[in-house]
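Each chain gets a letter, A, B and so on, in the order the sequences are listed, and its residues count up from 1.
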Protein chains: 2
Amino acid sequence: MDDPDVQDDNRKFTRESAEFRREALILATLDLIAEMGVRGATVREIAARANVTQGLIRHYFSSKEELVQAAYEHHMNTLTDQTAASSGKGSAVSQLTNFVDASLRPPIVDPSAVALWAGFLNKVQHDPKMQRIHQQTYNYFRDHLETLIVAALHETGRAVAASAAKQLAIACNAVIDGLWLEGGALPDAFSEGQLAQIGLDSVGAIVGIPLTKEVEQS
Amino acid sequence: MDDPDVQDDNRKFTRESAEFRREALILATLDLIAEMGVRGATVREIAARANVTQGLIRHYFSSKEELVQAAYEHHMNTLTDQTAASSGKGSAVSQLTNFVDASLRPPIVDPSAVALWAGFLNKVQHDPKMQRIHQQTYNYFRDHLETLIVAALHETGRAVAASAAKQLAIACNAVIDGLWLEGGALPDAFSEGQLAQIGLDSVGAIVGIPLTKEVEQS
DNA sequence: CCCGCAATTATTCAAGTGTATAATAACTTC
DNA sequence: GAAGTTATTATACACTTGAATAATTGCGGG
């Protein structure tokens with residue numbers, strides 16, 4: 001009688017794990033903020049997109065505020081995880097090259113990602129908890145960049161003072177951020193690979209090491 | 001009897017010129033978006049801050065949307081006007097120096113200005129009219145930068161192809177934007193003048209002309 | 001001086017907001 | 001396979017939102 005594959009489905013809903021539901025709600029929130037701004041991310045829209053009713057949001061998050069915070073943290077972790085994995089494990093110079101290159105291509109460069117970031121910015125400036133997350137992400141990214149720069153300089157036989165290294169990291173980070181921003185805000189203004197090319201040239205000029213992304217072949 | 005300086009003020013309101021009211025409403029809107037995000041800029045709050053009642057908004061703007069567009073245009077014009085005036089009229093190199101320097105100091109670098117920009121971004125990505133304004137401002141800024149770079153290179157005896165010049169302008173613009181962004185988003189992370197210093201070093205490295213802001217002192 | 005117009009206020013409206021509470025039903029456990 | 005837990009839905013509430021309309025009132029022209 002009961003074929004377990006075919007649900008007769010007079011069931012009106014299914015119970016899912018807490019993790020599954022939390023993630024679904026967070027992803028729906030991110031989608032909506034990127035698409036319509038914080039304003040468009042209402043509890044009802046979020047619930048609809050996560051295929052639940054709005055009451056469930058407050059079952060998993062004590063307020064919408066908390067959901068937004070969780071969504072922000074998730075977004076930032078995703079971004080950093082994606083870039084951190086991109087360096088590979090060749091020479092220091094090639095690691096730096098790969099890192100810059102990956103930071104300036106999809107999926108990092110993406111209108112939705114920039115829209116998301118912008119949508120959160122106001123909350124970041126007011127909510128201390130979100131400020132902490134922001135600061136954390138920024139430092140993580142910049143420190144990683146600084147490590148790569150120092151290693152690359154060392155590899156090419158140049159020493160650099162700690163304070164100078166930090167300044168270089170700030171500058172390179174700024175180029176990357178600026179290009180990332182413009183690529184996301186004006187998606188049609190740049191051809192594919194153009195941002196990455198400009199980024200490599202600029203970072204190369206700033207640290208004094210020509211960076212070229214060779215097409216790895218054979 | 002009636003001292004014209006002292007208003008006895010049983011008058012319940014005063015009539016002002018259309019220009020005065022429009023500007024007051026626009027400034028109130030910008031204030032609120034910077035402070036609380038687009039979300040916080042409600043017709044009632046805007047009206048309160050402009051010292052009028054909410055109905056007046058629709059007397060001057062056919063919708064809130066239109067008011068926000070006008071506010072965006074006003075903000076962008078203010079930003080470009082402030083930077084364009086900063087180059088001065090010395091040598092080409094010093095003009096470039098001044099431009100970069102001014103772009104990375106208050107009042108251009110300012111948490112409110114960044115918050116404002118971010119608050120508008122979502123609308124920019126959806127509303128064609130706001131997109132046009134955005135594109136226009138970006139191009140204006142970048143073209144100005146390109147002109148300064150080409151002149152500076154020419155002055156120091158180097159020629160540069162048109163396409164190369166454009167790439168340099170994009171890169172320098174990105175450094176400036178990135179530093180502007182970070183200075184506004186993390187106001188306490190940088191000491192006074194640090195952003196400008198890093199900006200001058202980076203732009204100098206990218207275009208190949210050391211830029212130093214000498215303290216002008218007869 | 002007062003008349004009329006338009007700038008401004010006062011009030012109302014329907015739709016949408018986040019939150020709270022009560023009712024249901026899917027899964028677990030014995 | 002019945003009872004109990006609790007994830008989930010359903011409904012309600014108080015409040016805010018942008019917009020629309022009606023009622024004032026300042027002020028310039030005759």
Side-chain angles (χ1 to χ4, degrees), chain A residues 1-2 4 6-26 28-29 32-33 35-71 119 122-123 126-127, chain B residues 1-2 4 6-26 28-29 32-33 35-71 119 122-123 126-127:
Chain A
M1 284 300 154
D2 300 5
V6 174
Q7 307 221 359
D8 44 355
D9 250 19
N10 16 12
R11 274 189 303 205
K12 302 201 166 165
F13 58 87
T14 49
R15 292 184 151 191
E16 302 282 356
S17 73
E19 203 177 340
F20 177 90
R21 280 275 131 92
R22 281 181 62 93
E23 174 139 352
L25 288 170
I26 286 175
T29 306
L32 281 165
I33 293 182
E35 206 172 294
M36 338 200 16
V38 192
R39 178 136 216 194
T42 68
V43 288
R44 285 164 180 81
E45 284 283 330
I46 292 170
R49 203 166 283 216
N51 284 109
V52 295
T53 49
Q54 52 157 325
L56 203 62
I57 288 179
R58 277 189 44 84
H59 191 260
Y60 286 104
F61 301 90
S62 68
S63 72
K64 188 193 166 189
E65 184 81 5
E66 199 183 296
L67 168 57
V68 172
Q69 282 173 358
N122 275 101
K123 308 213 171 206
H126 288 76
D127 183 345
Chain B
M1 283 298 154
D2 300 6
V6 175
Q7 308 222 355
D8 43 356
D9 251 20
N10 17 11
R11 274 189 303 206
K12 300 200 167 166
F13 58 88
T14 49
R15 295 183 145 186
E16 301 283 353
S17 73
E19 203 177 341
F20 177 90
R21 280 276 131 93
R22 281 182 61 93
E23 173 139 353
L25 287 170
I26 287 175
T29 305
L32 279 166
I33 293 183
E35 205 171 295
M36 337 200 20
V38 191
R39 180 136 215 194
T42 68
V43 288
R44 285 166 179 82
E45 284 283 330
I46 293 170
R49 204 166 282 215
N51 284 111
V52 295
T53 49
Q54 51 157 323
L56 202 62
I57 288 178
R58 276 186 45 82
H59 191 259
Y60 285 104
F61 301 90
S62 68
S63 72
K64 187 193 165 189
E65 185 79 5
E66 198 184 295
L67 168 56
V68 172
Q69 281 173 1
N122 274 100
K123 309 214 169 207
H126 288 76
D127 183 344

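The nearest whole Å value for the distance from the CD atom in B:Q54 to the C1' atom in C:dT11 is 10 Å. Counting to the nearest Å, the P atom of C:dT8 and the CZ atom of B:R22 are 13 Å from each other.
The distance from the CG atom of B:N122 to the CD1 atom of A:I33 is 9.0 Å, given to the nearest 0.5 Å. Put simply, CG on A:L67 and CD1 on A:I46 are 5.0 Å apart, with the number rounded to the nearest 0.5 Å. The CZ atom of B:R21 sits 11.0 Å away from atom CZ of B:R15, with the distance rounded to the nearest 0.5 Å.
Within the structure, salt bridge (charged side-chain N to carboxylate O under 4.0 Å, His left out) pairs that include any residue of residues 38-48 of chain B do not occur (at least two apart or interchain).
A:A71 meets the side-chain contact (heavy atoms from CB on, under 4.5 Å) test with A:I26, A:T29, A:L30, A:F120; sequence neighbours excluded. Every residue two or more places apart in sequence or in another chain that forms a side-chain contact (heavy atoms from CB on, under 4.5 Å) with A:E65 is listed here: A:S63, A:Q69, A:K123, A:D127. B:R49 pairs by the salt bridge (Lys or Arg N to Asp or Glu O under 4.0 Å) definition with B:D31, B:E35, not counting sequence neighbours.
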Check nucleotides 27-30 of chain C against the protein and report each pair of N or O atoms closer than 3.5 Å, with its distance, or say if there are none.
from: C:dC27; atom 1: OP2; to: A:R11; atom 2: NH1; distance (Å): 3.0

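Contacts between residues 56-66 of chain A and DNA chain D, counted as heavy-atom distances below 4.0 Å, involve A:L56, A:H59, A:Y60. Applying a 4.0 Å cut-off to non-hydrogen atoms, the residues of residues 42-52 of chain B that approach DNA chain D are B:T42, B:V43, B:R44, listed by residue number.
With a cutoff of under 4.0 Å to any heavy atom of chain B, the contacted region of DNA chain D is bounded 5' to 3' by D:dT17 to D:dC27.
Helix-axis bend for the helix from C:dC1-D:dG30 to C:dC30-D:dG1: the local axis fitted to the five terminal pairs at one end deviates from that at the other end by 0°, rounded to 10°.
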Run the side-chain donor-acceptor check on residues 50-61 of chain A: report pairs under 3.5 Å with partners two or more places apart or on a different chain.
from: A:R58; atom 1: NH1; to: A:S62; atom 2: O; distance (Å): 2.5

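The 5' end of DNA chain C is approached more closely, in terms of each residue's nearest nucleotide, by B:S17 than by the other of A:G40 and B:S17.
B:V38 and B:G119 make their closest contact through CG2-O, 3.0 Å (heavy atoms, listed as atom of the first residue, atom of the second, distance).
OP1 or OP2 of C:dA25 lies within a sub-4.0 Å distance of a side-chain N or O belonging to A:K12.
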